[in-house]
Each structure stands twice: as structure tokens, then as C-alpha cells.
Amino acid sequence: QSTVKVGVLHSLTGTMAISEITVANAAQLAIDEINAKGGVLGKKIVVVKEDGASDWPTFATKAEKLLTQDKVATVFGGWTSASRKSMLPVFEKNGGLLFYPVQFEGNECSPNIIYTGAQPNQQALPALEWALSKGYKKIFLLGSDYVYPRTANLILKKHITDMKATLSGEEYVALGGTEFSSVINKIKAAKPDVIINTLNGDSNVSFFKQYQAAGYKASTLPVISFSIAEQEAQAIGTQLLNGQYATWNYFQSLPNPANKKFVAAYQKKHGAGAAITDPMAHAYMDVYLWKAAVEKARSFEPMAVRKAIVGISMDSPLGKITVAPNGSLTQAVYTGISGAGGQFKVVAQSKGVVKPEPYDKLAFPGKTCP
Amino acid sequence: MRPSTSTIAVIAVLIALAFAPLYLGAYPLTLLGRVLALSIASIGVSVVWGRTGILSLGQGLFFGLGGYALAMHLKLVATPKGELPDFMLYNGVEKLPWFWAPFASAPFALAMVLILPAAAAGLVAWLMFRRRITGVYVSIITQALLLAFVTWLNGSQGLTSGTNGITDYQTFLGVGLRGPDVAHGLYWVTLLFVALALGGTAALLRTPFGAILTAIRDNENRTRFLGFNPAAFKIAAFMLGGLLAGVSGALYTLHLGTISPAMIGTAFSIELVVWVALGGRASLIGAAAGLVLGQLAKDRISSAAPDAWLYVMGALFVLVVLVMPQGVAGLIQNRRRPPAPMPAPQNPVAQNPVTREVSDAV
Amino acid sequence: MDFTFISGQLFTGLSVASILLLAALGLALSFGLMRVINMAHGEFLMVGGYLTYLAAQWAGPTLGDAWLWVAFPLAFLGAGLLGAVMEFAVIRRLYGRPLDTLLATFGISLILQQAARQLFGSTGVPVTAPAWLGGALTLGDVTLPFVRLFVIALALIVLAGMWWLLNRSPFGMHVRAVNQNREMAAALGVNTRSLDMLVFSLGAGIAGVAGVGLALIAPVNPTVGAAYIVNAFLVVVVGGVGSVLGAAVAAVLLGFVTALAEGFTSSSLAQAILLVLVVAFLQWKPRGLIPTKSRALEEA
Amino acid sequence: MLKLEGVTAAYGQSPVLFGIDLEVADAEAVTLIGRNGVGKTTLLRTITGLHPVTGGGVRLNGAQVEKEAAFTRARSGLAYVPQGRGLFGHLTVEENLLMGLPALSGRATAKREIPELVYDLFPICRDMAGRRAGNLSGGQQQQVAIGRALVTQPRYLLLDEPTEGIQPSIVQEIEVALTRVRTELRVAVLLVEQYLDFAWSFADRYYVMQKGRVVETGTTADTPTHAVQRYLGV
Amino acid sequence: MPSELPETLLDVRDITVSFDGFKAITNLSLSVPKGSLRVLIGPNGAGKSTLLDTIIGKVRPDTGEVRFAGQVISRLPEHRIAGLGICRKFQAPGVLEGLTVRENLLLTARKDKGVLGILKAPTRAEQERADELLRLTGLTERAGVLAASLAHGEKQWLEIGMVVAADPQLLLLDEPTAGMTAQETAQTAELIHALAGRHTVLVIDHDMHFVELLGAPITVLHQGQVFREGDLETLRADPDVMEIYLGRPRELMAHG
Ligand SMILES: Nc1ncnc2c1ncn2[C@@H]1O[C@H](COP(=O)(O)OP(=O)(O)OP(=O)(O)O)[C@@H](O)[C@H]1O
Ligand SMILES: Nc1ncnc2c1ncn2[C@@H]1O[C@H](COP(=O)(O)OP(=O)(O)OP(=O)(O)O)[C@@H](O)[C@H]1O
Ligand SMILES: NC(N)=O
Ligand SMILES: [Mg+2]
Ligand SMILES: [Mg+2]
């Protein structure tokens, strides 16, 4: 039987490994499932796994290797926007196709990338609207110092002003930073109603610890997070996170049948306690979307696949998803409250699905995808 | 002067490398080109560390300046007229910052690729060597400055694009950077720069300038009392190292299509030094070869066994230092030459740094 | 800027200083006295942190909050033992070659980080401080978390102990002598090998204790040490290599500068400002606040 | 008795000592002379254990010690005053003297304190007790270095050019002091010296080294200094 | 001062040098005429080396100044002072160990010691000078070996060669015969005689045989001040000098 090669390019080592290994696992799960059912266009999928090593230039190098040496049909990979940005020119130069599964800041529309993670209007803005609807008017923005939080917050700030709410402060801490004394002191002085948190990784644990030591709790100063999913929640622990909020396109607790099946399959392979997150669900679906597009195009050729993928729609663990012409997903948005075992209970959800808008109209008027 | 066997060997290798596009596949060739671009920085490390005894852990700073100088130009070229680079837009920057504006000019940017790193290296060196800061202090300070630079880059996204770095270039001097055909051209240009850097530096070190650097490394005070101003020579050597790092950074940026803080950070700078140590810090060719081979090995091993790679690299660091302090080049040389005398600590007089007479004199 | 904010920042400065000092005190031995540039020093902190986590896991269920008193000796001995092994296997072959030591120990730090990553994963493991450290002292509008006060006290105790050991005990005199002239000390009957090992592992052990302090405040992850190493070296350099008191003053100074800069700018800019200020300070006093004349270091 | 049998030593690959035989009896004073670079310092360092032998044996009180570490040899009664004095420059004079005490570890009989005789022989050890040793002048340092060696209560004292750089009157004092050390403490002395008048007036026997070998030996009483001068010419 | 004697090359005027409050030199003045040979003796710790340190700029006087050929040099950076033509031989040999013997001589023989000047290849004259000094110091056969592998005595000679190669107006020699045999000492004395006249030489030593061979006027320093001046004969007879420095003659002592 003949085969087709695809690349899986995530950080298997370094700081991002914790998040990305499970995302790679989810993609692998989908590939195994597909191979078990006979592959794509009659070909078995062969995975070429590469390690981005949490180092953005390495992502570019490895992408180049996958495209020019292994000649893979497509690549599933990336987490941070920085890694995506550094891979982008490689994909454009070599005419490759990348499936990127993580929520991001928008403002990018490469014909060579399928962005399935949330656009700002599919996570950040719904969360803001929900917060305002709950009566939280004074908003403090806290994030890691890199492009996604900065840009997301830039958009949020425009909308905060637009919605006549108050921005009570904005602080950034270097990626991986663990010292929050000054930030908490500033929060004290600002007296916000709610914190919108775009901190990444371990910084969250330190932040919640120090937030708690300073006498705060969810009932006095709630925090809505965009980068804390089930896995992170488990790591931070119920004791610190209980009652705090997160907004995503997916929670492990979603009751739909496709999700039940996905969770069961993943946990069968990786252990019953394994947490499952939004980026994992996206990565899992990325493979299926690619398969559908290949079959529709009857070709593995990346640009043919890119053309064919638009309009493809399926029932997924995330609910109903459809690929929009700009290469992102039309999908639902959920806000959940953290509870036992790092699971989130949905407390609010979008009315139906939300169309992806890479460029926020308020923050970047007049910009659209080509 | 008759060329030595090692010169002939190096020329032969360079010629063989020049024909690489004929026998290497696309990926190995890009990889080789990239690694060759980096080797220019390692030549600088060899001058600064191997020859002059200054261990800079901040070469990434100068590498980055060269890379960013070129990247800023490429970014402006890729940005439609009258618009701001995309990342500025996303960060709410409304006007092109003043220090960006001149980089629209290619000659200016190219000049800056050379001037910025050399000038920055000169300034850093002047600050340190003027105050006679030496040894590990220099290592710690250069590392701190690099960290400050990287932190600033990360924290000033509106100006620098932060962790993402500057990316997404289209053309350079009118030549498209996305076409598959540019790969060979870029490779040859890189190789030319490597040859120039090697030849030029070697020629420079063959003048008494090279001897002075060695003299300063071995006994700075003595050199001073012979009428030389060690600070001036150290600054010059440091600037040369900075310049080579800058050129390397610019070429590397072209190869990779991006420059970002992660590419120039502490890990990069220390790794650079270690590959130089592996090849042989005192030998230009050893330094360059150590870097090329080390990076190629890294590419291989990290693909085959990602988890093992850090163990391999860590162990390599330790072993090189313990087993072959002069690197591979040192091993080769030792076989040809009678053994060098023991390092100074063996010597009872040098061993005794406390006696005022002795310590102050030397 | 109101009074509450300013006093809050002053306390922040002290907190930061206490962590910096704990991280730097071990270095004051290995770097300050032995002139060993141990880039893996941060990993001793990391080891101390993970051992704290393990102590909480193992002893927590049986001992309750008293697990913390198990964590201290465990972290001290565990990191100290690792230090002894490292000294025996690598460092002792490199005395007098500080720059080479720097490279070799950097290699070791890579290995230790990767090992930690494989054992514990890349995300930090959280340690829950004992309940009696959970509260905070409230003075007017300023809250001083007990955890922070505890770490400050810890730093002061370790500082006092080290000062006494080095300046008032015969052990300290031997250490200083060996590090000025190792051969002569041996010729006078000092077992320099075991003394070296002892001093190095003591420095490692102190870093392990610092790891306990860190774990109480932030999660322990494989790169937690790397995050502190540069600043810890700067504390030693600004204080004056070889001077324990200098390190203490430098830590406080750096802590306040950080808190001040963070108060008025952003935290990532504050770090850049701090680093540049340190370099500027070294222009003024290249040998630090309390200089010890030391040639060995410059001859590197 | 201190006895060397066919000692060889090298720096890296280059040999410097080629089979040295030499002996110093208890309470005997022996001088070792030779041109610059013939290996005198190296020889003393192999005796103390600071430099490894590549062959041959060193016996101390009958025991083979050539494999022992320097500190154990010091503890069995070997003291060394190196060329360049080897004081701990940052330590005070008194601390330098105290640094002689570790050599007494494991010796039950010894009292762990600075013997009064040291102050008696070298009064500056008391006068300058609190000063940093590194700031003393050369002659003062030399006296402290010998004093420190005596704190170890040695049976054998190895001295490497103790008169180098010392003013004439102090050279005389050192000679007086060393003579007392020999006679009162019955310490054997092996003295490396260029200053022949001094060496001859102090020592009972001499060895002459040339290019890493002992080429002549005899008693100082029977050999006038001019008879060995030829070994020292250029 | 306009009344300065024209032939004075080195003029130390009323300098005081102290370390942490301890005065190593107190109001010391000393002048050395051009082309002369001068010997400096005095007890250990008298301040002889400190005086040389002050002249070459290694330590700075608290008060007073050092003039060289009429110019105040006590505030110039070290390499500038050296550039004016003052060269010191330290007691511990300070050869450049990573360079060959010949390179050591070539470098010191250079006239232009600036960063740009150094790029030029050594001139014919410099090469010849180096070769001549190799002969003079008996190191011709060792010309190509690294200075590190020289024996102590060879290093001493090389350093003397370097000092001469620099062709300084003023040569400062701090205990040049330390560790030398009697015969080497005599050769050194001869060499110094050959240098004096063309160069001005200031020698410190504790070896009275050597001082005798030099046969030059002697200055005795004591406690940071000039204690006596005169020739060896007179000083040997001076009970104060005996007391502080020379001690009793050996013949007498042996029986004491
Ligand atoms: N560290 C070293 N590395 C290589 N060779 C050395 C070293 N130290 C000494 N030597 C060589 O070993 C030989 C013996 O040296 P050593 O110092 O023992 O001589 P010495 O007789 O004590 O001379 P001096 O009278 O000058 O003190 C010399 O040729 C010297 O060059
Ligand atoms: N850097 C210093 N710090 C403190 N004291 C010093 C320093 N340098 C010299 N001294 C002191 O100054 C005095 C003079 O020292 P100097 O070395 O000039 O004496 P010297 O005449 O050269 O003696 P010697 O004949 O022993 O070489 C000594 O008492 C010495 O302790
Ligand atoms: N796109 C992100 N989360 O970096
Ligand atoms: Mg000797
Ligand atoms: Mg002197």
C-alpha cells in the first residue's frame, strides 16, 4: 500500500513541550484513527515528527526540512504565535500548507496556513461582553509580554472604550515570569472589578498563588483567563483556581457525542486522567479537515487542498465547525467556571456559531483578508 | 611566503564547498548555508576569546544588531508604501519610529549591518576595558547586557515586534527572497563572506597585531608596561568580533527569513562559544569548523532523538572542556608539535598570586 | 502614587531582595571564594525546589504542615550531595580555569534541566505552603503575606550563619587560605580536596535551601534556576566578589531598584533597566561595593 | 631520614628530573645548589608532593610516600618554604601562622598552638600580627614563611632560596634562626640556595645538580666554595 | 622651575605614597642625571619597589610629582609613560609566554605601539635589532620557541633583552640578579655597564657583590626616605647603614 507523508511539528522539548506534546498526541490520534480506517485516498498516512524545541527559529528550520527534504503533503504544528510567524515565510516560499490549532491574535491571513484556533472575536471579545453583562465595569488587563496578549488587549481596549467600560490597568510580565508582587500592588491600587488574564504557562501558577496570598479570591476579584485550559487548570490546582473563569471554543466537559468519543479514545491511549484541551481538540479536527479537503480535491497538492477546504463542515467535539473562506473556523464560544479536577462547567455560550474575523473592525478598520 | 599545508587544506575545503550546490539536495544545502553564515560569528569568538582571552557571553547582542539592521530594511521594503509594518499596527503604533525611517534605504541598512554591531561592541568594550574589568566579570557583564537587550526587544513590541521577531520579507535589493532559485545565490554569497572573514582575519592576525593580542591574553600588565595600551587593542579585537557577529547575523537573517530575540539569546551565545571550544578556540579554522559540525550534528540528533539532544549537548560541553581544552584543532596541533608547556598553575611562581611582588609585577 | 502603593513597593523590594540574596549566598561560596563560575547553580535551586515538592508529597499526608521542616534538611542535603558529586566529577579538574568551568557547568545545567523535564514535566509543580504561612500581616492598607516575611527571615538566617562561618570560624580561615594558594595550603597539611568539596557542596546546599523559599512563592519548573542565575551573579559582582555582606547590601539594592522600576514602568522593562544600571554601577565601582583585592579572578 | 631513590619527574612530556638520589639524615643540614632551571624547585616539589614523580621513590622516616598527597606528607613532618614565600596574602600574619596548625592533625603529641619559639626567632611575627601578609616587604614575608613552617613542628624543613631578595642583615638573622632551629629543635633542613657563602656556612653537606641530575656531593667542610663554582657558571 | 639642570633625566620631587594610611614613601626626592648609573639599596620594605611603581605609573603619589625629561609624568597612563622611554624589569620574569622568544623582542623593539601602527610588518631595523639582542642574550638558538618553555634564567635574560630592545632612555631594574648564580650576576653587571651612558639606569639589589661590581653611586632608602648617599666603601663603614641594612660582615658573624 502506498503512503503519504505529513509533518507534525511541535515543541517536544523546552518550556512549551508540556502544552505541545499533548497537542501532537491529539493529531497523532486522529491520524491513527484514519489509518485504521484505510487512510486518505487509499494511502496510509506516515508521520514525520519534528521537534520545534520551544525555539522559534528551530520551527522555521524544521519546517524547511519537512517541506524540502521529507516533502510532506502538509504540516500540523505550532503553538505560540512567534513560532507561527517564523514558519510562515517557509511555508509561503515552498508552497506548503500548515494547520495551526491555537487561539491567536488575528491580523494574519496567509494563504498557506489554516488557522483553526480562535480568532480574537471568537474568544477575547465574547469574554469581554460576558464580563460586562455580569456588571464588571472596571477591567484590568494582565498578560505575558508577547504578541498575542498585547494584540488581544489592544483590541479589548478599543472595545472597552467603545462599550463605555473602564480600563483600570494593563500589565505585562515576561514569558515565564514568576514575580508578581509589583503587579498585585498595582492591582490593589487600581481596584478593578475583573481581571482579563492572558498570562501563559507557569506564570499563571505564580500569579494565582500571589493573588491569593494578597487576600483575593474569585468572589472578590474574578479572573477570566484565555490561556488556561483543563491541563493548565490541573497543574494550577483546584485550591487556587476554583471559581475562576476561562473562555474557549472547547471544554472537555462538552456533552456532545463526538466529544464523548474523542475523550474516550484519547484517554484510552493516554490514561484515564489525561486532560483534554481546546488546542488539542483543534489539532485533532485539523487532521480530519485536511482529510476531507484532500478527498474533496482528490489531490494532496497543498494549494488544491487549500482551495477545497473552504466550506467543509463537520460535527466535531467542538460542535459544528465550518471552514470559512479566510481559512479559519466558524465555531462556537464557551465561557466556563473552574471546578473539581481542573474541569470547567460552561456558564455561557455564544448564540450559535461565530464567524472568524481575523481583523477587528474597531481596532483595525478597513483591513481584511485578501 | 609559502602557504602552509593547513592553508592549502582550507582552500581545498572552500573550493569543495563552492561546488556543494551541485551535489547536495535542497535541504542539506540550505542547512549548510545557514550554518556557514553562523560560522562567521564563531571566527569572531575565536579572535576575542581564543586570541585575546576575553570570553564574551553576549555575542548574540552584536549578532542581533546585524540581523535586526537588515531585517528592519527588509520589513520596510515588504511593507506597502505609506503603511506601517504590520506588527506596529497591532501594537497601536501610529507613526514610524524615528530610528526606523532611515532603514528604508538599502545602502544605509547595509552600512548599519557593519557599523551598528562594531560600534556597539566598541562601546561595550570601551566601558569595560577602560575600567579594567576583566575575566569572568566580562563574561557576566556581556551576558547581562545581552539579557537587557533581549528583554528590551521582547518588551518593546511596537518598536521591535517583540518575541515574534521581524519576519515575512519579500525582496532584497530587488531580488525576490521567496523563489526557489535564490537558494544557490544566497549560499554562494555566504560562502564568499566566510572566505573573506577567514582570510581577512587570518591576515590581520599574522601582523604583529595578532602577537599583541596573544601577549595581552597571557600578561596584560606586562604588555602595558612595555608601552602598549591593552585597552585599545582589546577594544579593537572586541569590535572585530562584534563586526563578524553582525555580518553573521545579517546573513543568518536572510537565510532563515526571520530574526527574533530567541535566536540571539543567552543559549545561542553560550552555544556559539561551546562550538568554538569544541573546534579549538585558538584556531580560526577550528572555531569555524567546530561550529559547522556542531550545528550539523545538532540538526541530525535533535531530529532523531529530541529528548536525548540536550543530554548529548550538555555532555559534549563537559567533555570538551575536560578532555580537550584546546579543542579538536589543539589535538591535531599537538600531534604535529612538541607538547606545549604546562598551564601556568603548575608553575610555583605563577601559582602564588598573593605575594605582592609577584602578583603586581605580572 | 499614594503612600500605600509606595510602601507596598518597598515591601516588594525587600521580598525580591530576599530571594536574590538566597540565590546569591550559595554563589558567594562557589564563585566568591572558590572562583568557580557555576552556571548550574540555578539548578541547585531547582533541585531544592523539587525536593520541597517531594517533601510536601511524601511527608504532607503524614506530618501535615510540619512537612516544611522535612523539606529544609532534604533540600539542603540533596542539593549538597549533588554539588559534591559535581565537584568530584568535574569541577575539581578545572580549578584555575574559570572560563572553562563556566562552559562545563553550563553543560551540566542543560543536562539537569532536561532530566527535570523528563522527571517532572516542563510545567511547574506547585507547592502549597503550610496553612500557617497562608495569612498576611495587615498594616493599614499594606498587606505583608506571611510567606514573604518567612522568606525574608530565611534569607537573614542563612546570611548570618554564613557570615559567622566564613569570618569567625577556623573553617572560614582554611577556606580563604586554600582559595588564595591551594598548593601551599596542602603543603601545610590542609586536605584541600575534601575542603574544596565541602565548600562547593555547602554552596550547593544553601542553594537548595533557597529552592525551598522559592517553591513557597512560585511553582518549580525546570527553568526556575536559569531565571535567577544571571541576577544572582550580578548580586555577587555588585556586592564585591568574596564579600558576604556586600552581597547582602547588593541584593537589597537590586531589590529596591527592581521594585521601583516595576512600580513606574513595566516589569520587563524593569529588568532591562536593572541590568543596564548594574553595568553602569560597575563603571563606577568595578570591584563592587565591598571590594576584596583578588587577582585570581582577573587572571582568568 | 628523608631519602630519594631514582626520582624522575616531568612537565607534561618533557622530563626535568632524571633519577635523583639524595638523602637527608635527621637533624642534618644539607644544601642543594645548581644553575637556574636545573630542577631544584621541581625536586623540592616532588618531595612535598606538590609535583608528581614519574618514577623512583621518596621515603620519609622509612615509609614510601611518593604516592601520598601533599597534605599527608605535611602531617608526617615535612614543611616547605617555597620560592616566592607562598604566604596567604589576604590573610593576616597571625592567620598565616595559624595555617600551620592543620599539619598537626592526627599527631597526638602536638599542642595546637603557635610555639613561642617562632616569635622568639622572628619578632616581626608578633609586631605585625594583624597586618595583611601580602603587604609586607619581601624580607618580612620570608621570615613569616619560615615561622609558619615551624608552626607545623616539622622534622624536615625544605627551603627554596630563602635569601632571594632579602637584605643582608636579615639574611644573617635568618641564618642564625635556622641554625637554632637545627640545633634546638633538631629539625633536618634541605636548603636550595644560590648564595654559596650562606649555604656553606649553614650546611653540613651539599649536592650539586646539573640538568636534572645530581652530579656531585660532598661535605662543605672539605670542599671550598670555589671548587663547585664551575657548576654554576653559564 | 627654570633653574632645572639640563642633564637631569628623572626628577622625583617630594613624593609621598601611602597605602590605606600606611606611608610607604614620605617626602622623597631623588634626581638621576641623564646617562648615569644609580644603585638603590635599603632594607626590605624601605619603599624601593614602591618608588619604581610610582615612576612607571602603577601607583600614584599622594603628593609631589615625578618628572621625566622635564615633563610631569605622574598623572599619565602607564602605557604613555612607557612610551616616553621608561622601561622596568620586574623581579619575577614578565616575558610574554604565548609568543616566541623572537616575537617578544620584536614587539618590544617596535617604535609605533598604537593599534593602527601595529598592523605594519616589523621594519628591517627592528628585525636586526631583535637578532642582535638574541645574540647578546645568548638566545639565538631559542629564537623560535615559545617563551613559556624557557628556564627561569633564560626568561631573566630574555626580559633583559626586551628591556634593552625597547631602547628606553631610563631603565629600571628591580633586583635583576635575584636567583642568579654568582657568575650570571657578574655577566649582568657587565651588561649594565655596557648600557649605561647611552641609557640611564636605576638598579635595585640586595646582593652587595653585585653592587660592588656595578661601582656606581648608591642611594640608601630607609622608611620611605633617602637615608644616605655615597659609594659602597663609605656606606660599608657607616655604622647606621650597617645597623639598618648591611649587618655585620660575614667573617665576624661566623663566630658570633
Ligand atoms: N610550569 C612549567 N612548565 C614547563 N616547564 C617548566 C615549568 N616549571 C619549570 N619548568 C622547567 O623545568 C626545569 C626546572 O625548573 P625548576 O624551576 O625546577 O628549576 P630551578 O632549578 O628551581 O631553577 P631556579 O634556580 O631558576 O629557581 C626548567 O627547565 C624549567 O624551564
Ligand atoms: N599595595 C600595597 N598595599 C599596602 N602596603 C604596601 C603595598 N605596596 C607596598 N606596601 C608597603 O610599603 C612598604 C614598602 O614596600 P616596597 O615593596 O616598596 O619595599 P622594598 O623597598 O621594595 O622592599 P624589598 O627590598 O623587600 O623588595 C612595605 O612596608 C610594604 O608593606
Ligand atoms: N497564539 C498564541 N497563543 O500565542
Ligand atoms: Mg627554583
Ligand atoms: Mg622590592
Side-chain angles (χ1 to χ4, degrees), chain A residues 11-14 17 48-62 64-71 80-90 92-95 105-108 110 144-155 157-158 172 174-175 359-360 363-364 367, chain B residues 25-31 34-35 74 78 83 86-87 89-93 150-151 154-158 161-170 176-180 182-183 252-253 255-265 267-268 295 298-299 302-310:
Chain A
S11 297
L12 307 177
T13 57
V48 184
K49 212 170 187 176
E50 284 291 346
D51 177 18
S54 309
D55 180 50
W56 325 149
T58 301
F59 272 94
T61 318
K62 297 297 183 184
E64 180 127 35
K65 172 182 173 280
L66 287 172
L67 294 179
T68 61
Q69 178 158 304
D70 301 315
K71 305 212 181 332
T80 62
S81 292
S83 68
R84 186 189 70 247
K85 293 263 181 206
S86 83
M87 288 188 284
L88 180 143
V90 178
E92 294 192 349
K93 183 170 86 180
N94 295 293
E105 65 282 359
N107 288 319
E108 189 184 295
S110 169
S144 292
D145 203 354
Y146 75 109
V147 66
Y148 163 67
R150 288 250 181 200
T151 314
N153 287 343
L154 179 77
I155 296 168
K157 279 188 287 183
K158 295 272 184 200
Y172 298 92
L175 267 171
Y359 293 94
D360 184 72
F364 308 107
K367 289 228 142 198
Chain B
Y27 178 70
L29 188 71
T30 31
L31 183 66
R34 193 147 54 216
V35 164
L74 296 175
E83 285 189 25
D86 48 8
F87 69 87
L89 228 53
Y90 313 149
N91 281 283
V93 173
V150 168
T151 316
N154 280 332
S156 319
Q157 295 184 47
S161 191
T163 36
N164 273 7
I166 301 179
T167 179
D168 209 1
Y169 326 130
Q170 308 289 344
L177 292 172
R178 294 284 170 87
V182 295
Y252 197 67
T253 301
H255 275 279
L256 218 58
T258 172
I259 177 96
S260 68
M263 289 161 61
I264 66 176
F268 165 83
Q295 290 285 330
K298 178 180 179 175
D299 184 76
S302 67
S303 283
D307 280 328
W309 168 244
L310 282 171

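Proteins get letters first, then strands, A, B, ... in listed order; numbering begins at 1 in each.
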- Item | salt_bridge(Lys65(A), Asp299(B)) N-O dist < 4.0 Å |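 Salt bridge between Lys65(A) and Asp299(B), a charged N being under 4.0 Å from a carboxylate O: no.
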
- What residue in Gly25(B), Gly155(B), Gly162(B) has the most heavy-atom pairs under 4.5 Å with chain A? Gly155(B)

Residue [X] versus chain B: region with a heavy atom under 4.5 Å:
| X | value |
| --- | --- |
| Lys158(A) | neither |
| Leu12(A) | both |
| Lys62(A) | side chain |
| Leu175(A) | side chain |

Option that, when pairs with chain B are counted at under 4.5 Å, heavy atom only, ranks first among [options]:
| options | result |
| --- | --- |
| Ala53(A), Ser86(A), Ala82(A), Ala363(A) | Ala82(A) |
| Val147(A), Ile155(A), Asn153(A) | Val147(A) |
| Val48(A), Thr68(A), Thr61(A) | Thr61(A) |

Any side-chain heavy-atom pair from [X] and [Y] closer than 4.5 angstrom?
| X | Y | value |
| --- | --- | --- |
| Tyr27(B) | Glu64(A) | yes |
| Pro28(B) | Gln69(A) | yes |
| Thr258(B) | Pro57(A) | no |
| Asp145(A) | Gln157(B) | yes |
| Glu92(A) | Asp168(B) | yes |

Of all heavy-atom pairs between [X] and [Y], which one has the smallest distance, and what is that distance?
| X | Y | value |
| --- | --- | --- |
| Lys93(A) | Leu177(B) | CD-O, 3.6 Å |
| Tyr146(A) | Thr163(B) | CB-OG1, 3.0 Å |
| Ser302(B) | Asp51(A) | O-CB, 4.4 Å |
| Pro89(A) | Gly257(B) | CG-O, 3.8 Å |
| Gly92(B) | Leu154(A) | N-CD2, 3.7 Å |

Looking at [atom1] of [X] and [atom2] of [Y], how far apart are the two atoms once the value is rounded to the nearest 0.5 Å?
| X | Y | atom1 | atom2 | answer |
| --- | --- | --- | --- | --- |
| Ile259(B) | Trp56(A) | CD1 | CH2 | 15.0 Å |
| Arg150(A) | Asn91(B) | CZ | CG | 7.0 Å |
| Glu108(A) | Tyr90(B) | CD | OH | 7.0 Å |
| Leu89(B) | Tyr359(A) | CG | OH | 9.0 Å |

- Item | Which atoms of Ser303(B) approach chain A - backbone, side chain, both or neither, heavy atom under 4.5 Å | both

